[in-house]
Amino acid sequence: MQLIRLAWALTGAAICCFVILLIHSHVLKEGQLAAGTCEIVTLDRDSSQPRRTIARQTARCACKKGQIAGTTRARPACVDARIVRSRQWCDMMPCLEDEGCDLLVNQSGWTCTQPGGRVKTTTAL
């Protein structure tokens, strides 16, 4: 009798897992991002100028309501839309942990200064 109950319980669990997997695959079709996540689509680097590298990257984000695509810890991320509207870029913590963040004078972007003095400048489109 207990063996039959165990078999029914395992069958029920397997059916539940299958239904959850089916729903998950239906909701998140291939190529879709989960809400609140980003991925890098393209990354181009130009090192034609001495001592200077220009990097351009394009990210695709699926942000939640009230968020917009931005940068956190040097990676694309969904950030609070108020940060972007107010152009207070350093509030989204765009630099790595050991770097300092400063706004550009015209607030068109920010700089991340590494401990050794190397500066990375990012401008918004």
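Since the model is a prediction, treat every value here as computed from it, not as a measurement.
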R45/R56 under side-chain contact (heavy atoms from CB on, under 4.5 Å): CA gap, chis, key distance, verdict = CA-CA 6 Å; R45 292 187 187 275; R56 292 177 189 88; over 6 Å; no
Do the side chains of Q107 and Q88 get nearer than 4.5 Å, heavy atoms only?
-> yes
Can you see which heavy atom on C78 is nearest to which on C61, and at what distance?
-> SG-CB, 4.1 Å
Are M92 and T71 side-chain neighbours, meaning at least one heavy-atom pair lies under 4.5 Å?
-> yes
Count the heavy atoms belonging to other residues, nucleotides or ligands that lie under 6.0 Å from CZ of R82, then report whether that count exceeds 12.
-> no
M93 CE to R73 CZ distance, which is reported to the nearest 0.5 Å | 5.5 Å
Kindly indicate whether the side chain of R52, heavy atoms from C-beta on, has any atom under 4.5 Å from the side chain of S47.
-> no
For the student: nearest non-hydrogen atoms of Q67 and G36, plus distance | OE1-CA, 4.3 Å
Any side-chain heavy-atom pair of V41 and Q57 under 4.5 Å | no
Determine, for cysteines C90 and C101, whether their SG atoms are under 2.5 angstrom apart.
-> yes
Any side-chain heavy-atom pair of T42 and R60 under 4.5 Å | no
Spell out, yes or no, whether W110 and I68 are grouped together once hydrophobic residues are joined by side-chain heavy atoms under 4.5 Å, including indirect joins.
-> yes
Working to the nearest 0.5 Å, report the span between CG of D80 and NZ of K64.
-> 13.0 Å
Heavy-atom closest contact (R75 atom, I40 atom, distance) | NH1-CD1, 3.6 Å
Using the side chain to side chain contact (heavy atoms under 4.5 Å, CB included) rule, pick out the option among T121, T123, T122 that qualifies with T111.
-> T121
Does the C95 SG fall under 2.5 Å from that of C112?
-> yes
Are V79 and L104 connected, step by step, through hydrophobic side chains (Ile, Leu, Val, Met, Phe, Trp, Tyr) whose heavy atoms are closer than 4.5 Å?
-> no
